[in-house]
Amino acid sequence: MCGRFSLDHFPESVVTALIDAEIEFAPREEVFPGDRVDVVFCRDEGNEVAPMQWGWKRSFTSKPLINARSAGAWDKKTWAQALRNHRCIVPASGFFEWDENQPKGRRDKYRIEPAEDDGFAFAGLYEITVDGEMFMSILTTRPSPKLSEIHHRMPVILDRADYADWLGAGNRESLESMMQPLHDSKLRLIQESRSPDLFSV
DNA sequence: CCAGACGTTGTT
DNA sequence: GTCTGG
DNA sequence: CCAGACGTTGTT
DNA sequence: GTCTGG
């Protein structure tokens with residue numbers, strides 16, 4: 001991760017735990033960097049939903065910053081302020097990883113879904129430009145043991161009990177405790193496709 | 001993130 | 001190699 | 001003031 | 001482009 005995730009169904013339990021409102025929702029099988037998705041954030045004591053573009057733009061690189069390493073983000077000028085004041089939650093139905101043990105271009109694709117839920121809540125950071133456009137980046141952490149067999153990073157996924165604290169005025173210590181790998185028991189790995197040459201053997 | 005294009009004049 | 005589209 | 005970093009995943 | 005370090 002985290003270069004692609006899914007929203008093939010509305011992650012209702014995640015969103016209703018965050019906000020009590022009718023949500024505009026455009027399901028799509030896959031969400032790509034640069035796409036706009038609905039993101040939840042807190043402003044003036046109340047949670048809100050707004051479409052945000054995935055990836056922060058920076059002049060020093062042509063690639064949008066779609067991920068932020070949670071370890072160290074406190075000390076990086078790009079993320080520090082947002083980590084303190086502009087945290088958000090990105091609802092998703094799942095995400096994708098490619099098996100990095102295999103050569104690039106021939107990697108099996110895996111879909112990761114919640115084991116017993118209808119969605120994930122990615123921890124993210126957002127910024128608003130002068131013209132009011134909003135951009136978000138998804139925090140990453142170490143992989144859970146199961147995921148570590150195919151990939152060395154994973155998105156930060158929040159527990160339901162932490163949603164409010166994440167969006168509220170959390171202190172550094174409590175925020176750090178939320179940015180841990182999701183427990184293996186809360187995810188399912190599904191092989192989505194495999195390399196063509198594995199079939200031809 | 002990955003996959004696929006990336007180029008033109010001119011020909012079919 | 002690098003950019004674009006999905 | 002100038003020089004150099006700035007971001008990630010993945011690669012070397 | 002903007003911030004930091006020297």
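The sequence lines fix the lettering, A, B, ..., with proteins before strands; numbering per chain opens at 1.
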Check this for me: does any side-chain nitrogen of one of A:Glu127 and A:Lys57 sit under 4.0 Å from a carboxylate oxygen of the other? no
Before accepting this row, confirm whether a basic side-chain N of the pair A:Asp99/A:Lys109 lies closer than 4.0 Å to the acidic partner's carboxylate O. no
So, is [X] near the phosphate of [N], with a side-chain N or O under 4.0 Å from OP1 or OP2?
X: A:Lys109; N: B:dC1; answer: no
X: A:His152; N: D:dT9; answer: no
X: A:Thr140; N: D:dT9; answer: yes
X: A:Arg69; N: D:dG7; answer: no
X: A:His151; N: D:dG10; answer: yes

May I have the distance from [X] (atom [atom1]) to [N] (atom [atom2]), rounded to whole angstrom?
X: A:Phe122; N: D:dT8; atom1: CZ; atom2: P; answer: 17 Å
X: A:Leu125; N: D:dT8; atom1: CG; atom2: P; answer: 10 Å
X: A:Ile150; N: D:dG10; atom1: CD1; atom2: P; answer: 11 Å
X: A:Tyr110; N: B:dC1; atom1: OH; atom2: P; answer: 19 Å
X: A:Asp108; N: B:dC2; atom1: CG; atom2: C1'; answer: 14 Å
X: A:Glu100; N: D:dT9; atom1: CD; atom2: P; answer: 11 Å
X: A:Glu97; N: B:dC1; atom1: CD; atom2: P; answer: 10 Å
X: A:Arg107; N: D:dT9; atom1: CZ; atom2: P; answer: 14 Å

Taking side-chain contact (heavy atoms from CB on, under 4.5 Å) as the test, write out the residues that go with A:Thr78, two or more places apart. A:Trp56, A:Arg58, A:Leu65
With sequence neighbours left out, the residues meeting side-chain contact (heavy atoms from CB on, under 4.5 Å) with A:Gln180 are A:Arg142
Determine whether [X] and [Y] make a side-chain contact, defined as any pair of heavy atoms from C-beta on separated by less than 4.5 Å.
X: A:Arg4; Y: A:Val31; result: no
X: A:His9; Y: A:Asp118; result: yes
X: A:Asp38; Y: A:Ile23; result: yes
X: A:Leu7; Y: A:Glu29; result: no

Strand contacts (DNA chain D) in residues 70-83 of chain A, 4.0 angstrom heavy-atom criterion: A:Lys76, A:Lys77, A:Thr78, A:Trp79
For residues 56-64 of chain A, which residues have at least one heavy atom under 4.0 Å from DNA chain D? A:Phe60, A:Thr61
For E:dT2, which nucleotide in any strand shown is its Watson-Crick or wobble partner with both distances under 3.5 Å? D:dA5
Any idea how A:Phe95 and A:Phe122 line up, ring-wise: parallel (<30°), tilted (30 to 60°), or perpendicular (>60°)? perpendicular
Taking the [atom1] atom in each of [N] and [M], what is the distance between them to the nearest angstrom?
N: D:dC2; M: B:dG7; atom1: P; answer: 39 Å
N: C:dG5; M: D:dT8; atom1: P; answer: 26 Å
N: C:dT2; M: D:dT12; atom1: P; answer: 14 Å
N: D:dA5; M: B:dT9; atom1: P; answer: 43 Å

Run the ring-centre check on A:Phe5 versus A:Phe96 and record whether the distance is less than 6.0 Å. no
When the aromatic ring centroids of A:Phe135 and A:Tyr126 are compared, is their separation below 6.0 Å? no
Set out, line by line, the N/O atom pairs under 3.5 Å between protein and nucleotides 4-6 of chain C.
| from | atom 1 | to | atom 2 | distance (Å) |
| --- | --- | --- | --- | --- |
| C:dG6 | N2 | A:Arg4 | NE | 3.4 |
| C:dG6 | N2 | A:Arg4 | NH2 | 2.2 |

Checking A:Gln53 against A:Val37 for the side chain to side chain contact (heavy atoms under 4.5 Å, CB included) test, could you report, in this order, the C-alpha distance in whole Å, the side-chain angles of both residues, the deciding distance, and whether it holds? CA-CA 7 Å; A:Gln53 192 174 332; A:Val37 286; over 6 Å; no
Please name all residues satisfying side chain to side chain donor-acceptor pair (under 3.5 Å) with A:Asp8, sequence neighbours left out, ordered by chain then number. A:Ser93, A:Arg111
